[in-house]
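Below: the structure, in structure tokens.
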Amino acid sequence: MNDKNTAINEDFLKPYSPKDNEEALYKKWEESGYFNPDVCIEKGVTAPDAETFSIVLPPPNVTGVLHMGHAAMLATEDILVRYNRMQGKRTLWIPGTDSAAIATQSKVEGEIYKKEKKTRHDLGREELLRRVGEFAESSKDTIISQTKSMGSSLDWSRYAFTLDEQRYKAVMTAFVKMYEAGLIYRGARIVNWDPNLQTTVSDDEIEHVEQTDPFYYFKYGPFTIGTVRPETKFGDKYVVMHPDDVRYAEYKHGQQIEVEWINGPITATIIKDEAADREVGSGVMTITPWHSAVDFEIAERHGLDKEQVIDERGILLPIAGEFAGQHIKKARPAIVEKMKAQGLVEKIDEKYVHNVSTNSRGSGTIEPQIKEQWFVAVNKAVQFPDGRTMTLKERMRETVEGGEIAIAPERFNKIYYRWIDNLRDWCISRQIWYGHRVPAWFKDGEVKVQIESPGKGWEQDPDTLDTWFSSGLWTFSTLGWPEETDDFKTYHPTSVLETGYDIIFFWVARMILMSTFLIGQVPFKNVYLHGMVRDGKGQKMSKSKGNIINPLDMIEKYGADAIRLSLVVGAAPGNDVPLSEDKIRGYKNFANKLWNISRFVLSNTSDYDGAAKAPLSPRDQEILNQLYSSVAEVENDLKNFRLYLAAEKAYHYVWDELAAKVLEESKPILNGDDAKVKSTRQAVLRECLSVSLKLLHPFMPFVTEAVWQRLPEEMKETEFLMVAKWPAH
RNA sequence: GGGCGAUUAGCUCAGUUGGUUAGAGCAUCUAGCUUACACCUAGAGGGCCGGGGGUUCGAGUCCCUCAUCGCCCACCA
């Protein structure tokens, strides 16, 4: 084919139109198969023994829609992936979606109730699961196609869903293995109970919210005790004070006294425990071990009785006497009235500000309860695959402390350590139905933990596992574990985990825990934490503020390339990213700028004759030097995860150096009479263009590929820019 | 209560290990249809780098301290 002397592609006569290019290009990329590293090897663009680069996509909620947080994540990861692929690495980016068990189930339950006035119990487990599964399946295409619209070069042939068969196998295997090692145990401990969702939730899912309530001072025998929760106090028969509190020296540990209480006289026992703070109130407290984590600990230490006062739905039990059967919210004022009448109320602070535990998913207040659940022991020494014996906590800390895993930005190391230090045993069982069912079987008080039913008469535990239990396996369950697949051997540990800093505890830490114990490898070598996307003024985006910028609208208006750049430039790891429509518009203009640079170069080099070249002038040489030193700088920033600088430098080189200076000064040469000097410069310009396209491709894949597709054949070393070699310098 | 971070141009932020007159985008103002681009070009204005103290030949950059804002964690009944 002879492109010389022919007019350049007439598309260049119009401004660049993302709309006319992006979808078609993505389709072409997908059809080429190059998102799949196996195809890259097959077609010879990647060496079979090349170094690997792998990332797992933090799986979005299967029923979700794309928001700016996703967009930022996709942009960042795709930049890393495309750059490494162009470097010639065997590059794999694995897509997937998450069942988001609680969220999805309650959404479907809500809809069923609205339409059919039926609860999950009316439908039964099987039917509910069928409906939830159906809903998840039918809505997954939305998030998948939206993910594609960002230009994400994910290998869809390896798509994984947290509840598919392969992942099921991995989760079951992990559970059994951890149980056999003594890491998973069943026990009656205090847990966070969500009375609305009727399930336990983990410590990390708790959000402390400030609330103002009356604070009551009650007369408890000779003591004064304080509380915001009179409704829990019925069974309080232990009174706790600090062993060194001189005010109460006359009372001895274990001493019993008679006190007048809500429903009549009771026998109270004095407990001396250092948990009682002398500075707080009277320094004396009564405890409710069944409904308070601190109280539970005290009771455990001294072997005290524990009694349930409130049931799973927030209703008072018979211990509450005349108040039994009432909901705690309604009962509270009535209880206080009664106590007033008994002369038990000493004082009331009407406006006491304190924190209450709520479910971070927004379902409401958490009620601590003692329940028999499955836990992961974090302080128990167990044997790791490398033969060493240590606790999960120790191993988790060591991965970062010893440099096996590097977190960017570094300051999150401390936050990570702090979390580990405060970590308590992880409650992993949930009382919902949508999820991986606990592989435990009961019969006549006996328990067996195994994947298949032990036989007739054995009932499987109805509970399912915390969604983060399966998410913790994600780096290797997506690669085929527990089978020793080629993928697993090739791509694990993964190179980078890129995710929001808000999820470091839920996910990052859990992945490290699971991976180090189960397979003896860290799940990833680097952690890159991106910030939260905020509006142009740095405010959180929220519906109520009306400042949400929808990525899909922005793609429609300005193109995915513009969104990608606007989400990366200025987004240092760990820092929140302010995003305004102005910023996006600015980068859309840049895409068009690149389009016009290409048009200029192509139209002015269409008569290029390679044979007529002169040696490079000093200025020609300088232009190329600048080009390649920009490449080197961008590369250096990319290697060190400074994407925000890399993107900015690439942008500046192309606009302020190439367009503003090189192109301008080339005009007289291109119009000049010296044919040799002219074709030398033409060669230089072509080189600048093709290298610039490569330089920008990771950041703005669509417009760069769109130009590449319109280059004359002799300028393209590969069919797709996506798999062109990153420029050497 | 504990910890972390921020404070630089009107706004949002860079400024990588301390080194010449402190940068960008947007916004503002001025001038331009110069045959790549008005989604553009040329230019301008605008900053005691939060306050105070210290280390240094030299600090936006390191140390101390104060102030304000933000975030995370936490079992004060």
Side-chain angles (χ1 to χ4, degrees), chain A residues 8 12-17 190 203-204 206-208 215-218 224-229 232-233 236 239-241 275-288 292-298 354-355 357 368 409 411-415 417-419 421-422 424 501-502 504-505 531-532 534-540 558-559 562 565-566 569-572 574-604 633 636-637 640 642 644-645 648-649 651-652 655-656 659-660 663-664 666-667 670-671:
Chain A
I8 61 159
F12 281 117
L13 301 177
K14 299 175 294 189
Y16 173 63
S17 161
I190 193 132
D203 291 347
D204 296 295
I206 301 300
E207 199 175 357
H208 293 100
F215 187 91
Y216 307 94
Y217 292 91
F218 296 139
T224 299
I225 59 156
T227 188
V228 281
R229 303 201 54 196
T232 65
K233 295 283 153 193
D236 285 15
V239 51
V240 184
M241 58 208 70
D277 189 337
R278 279 167 286 181
E279 309 296 316
V280 176
S282 62
V284 175
M285 62 180 174
T286 61
I287 57 168
T288 313
S292 154
V294 204
D295 296 1
F296 177 82
E297 301 286 329
I298 296 171
H354 65 126
N355 284 335
S357 301
R411 71 182 135 93
F412 279 90
N413 288 3
K414 275 190 194 167
I415 296 174
Y417 295 143
R418 173 163 290 276
W419 179 81
D421 292 341
N422 290 326
R424 299 188 296 175
Y501 64 70
D502 56 330
I504 179 167
F505 307 134
M532 306 293 108
R534 296 173 172 261
D535 76 3
K537 289 180 184 141
Q539 305 252 327
K540 229 177 210 169
Y558 305 109
L565 267 181
S566 64
V569 174
N575 285 3
D576 292 345
V577 199
L579 180 71
S580 61
E581 199 165 332
D582 279 343
K583 190 174 177 186
I584 301 171
R585 193 181 303 118
Y587 290 110
K588 186 233 151 78
N589 294 349
F590 178 58
N592 191 53
K593 185 76 184 177
L594 181 65
W595 188 250
N596 278 297
I597 289 167
S598 307
R599 168 185 177 178
F600 177 88
V601 171
L602 294 178
S603 64
N604 280 289
E633 277 184 50
N636 188 37
D637 284 332
N640 291 294
R642 294 190 293 254
Y644 63 112
L645 292 181
E648 208 176 349
K649 281 177 186 165
Y651 171 94
H652 274 115
W655 197 312
D656 299 331
L663 260 45
E664 284 306 322
S666 297
K667 284 177 184 172
L670 295 166
N671 293 329

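Proteins get letters first, then strands, A, B, ... in listed order; numbering begins at 1 in each.
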Check: protein-nucleotides 5-11 of chain B nitrogen or oxygen pairs below 3.5 Å:
none

Closest-nucleotide 5' rank along RNA chain B - winner of Lys649(A) and Gly570(A):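 The 5'-side residue here is Gly570(A).
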Closest listed nucleotide, where the reference is the side chain of Pro578(A) and the choices are rA36(B), rU12(B), rG15(B): rU12(B)
Whole-Å distance between [N] [atom2] and [X] [atom1]?
X         : N       : atom1 : atom2 : answer
Met241(A) : rA77(B) : CE    : P     : 18 Å
Lys588(A) : rA38(B) : NZ    : P     : 13 Å
Glu664(A) : rC40(B) : CD    : P     : 14 Å

Could you write out each protein N or O paired with an N or O of nucleotides 24-29 of chain B at a distance under 3.5 Å?
{"from": "rC26(B)", "atom 1": "O2'", "to": "Asp582(A)", "atom 2": "OD2", "distance (Å)": "3.3"}

Residue-level proximity of residues 590-598 of chain A to RNA chain B when a heavy atom falls under 4.0 Å: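 Asn592(A), Lys593(A), Asn596(A), Ile597(A), in order of number.
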[X]: what forms a ring pair (Phe, Tyr, Trp, His ring centres under 6.0 Å) with it, not counting sequence neighbours?
X         : result
Phe296(A) : none
Tyr558(A) : none
Tyr644(A) : none
His354(A) : Tyr352(A)

Distances under 3.5 Å between protein N/O atoms and the N/O atoms of nucleotides 30-34 of chain B, please, pair by pair.
none

Aromatic ring pairing Tyr16(A)/Trp595(A), orientation class (parallel under 30°, perpendicular over 60°, tilted between):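 Aromatic pair Tyr16(A)/Trp595(A) classed tilted.
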Geometric class of the Tyr217(A)/Phe215(A) ring pair [parallel <30°, tilted 30-60°, perpendicular >60°]: perpendicular
Detail all sub-3.5 Å separations between protein N/O atoms and N/O atoms belonging to nucleotides 71-74 of chain B.
{"from": "rA74(B)", "atom 1": "N6", "to": "Asn355(A)", "atom 2": "ND2", "distance (Å)": "2.6"}

Per-nucleotide pairing state of RNA chain B [Watson-Crick or G-U, under 3.5 Å; [ ] pseudoknot-crossing; | other strand]: (((((((..((((.....[...)))).(((((.......))))).....(((((..]....))))))))))))....
Counterpart residues, side chain to side chain donor-acceptor pair (under 3.5 Å), relative to Arg424(A) (two or more places apart):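 Partners of Arg424(A) by the side chain to side chain donor-acceptor pair (under 3.5 Å) criterion, ordered by chain and then number, come out as Asp203(A).
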Pairs where residues 578-592 of chain A contributes a residue and the test salt bridge (Lys or Arg N to Asp or Glu O under 4.0 Å) is met, not counting sequence neighbours: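 Every pair satisfying salt bridge (Lys or Arg N to Asp or Glu O under 4.0 Å) with a residue in residues 578-592 of chain A: Lys557(A)-Glu581(A), Asp582(A)-Arg585(A).
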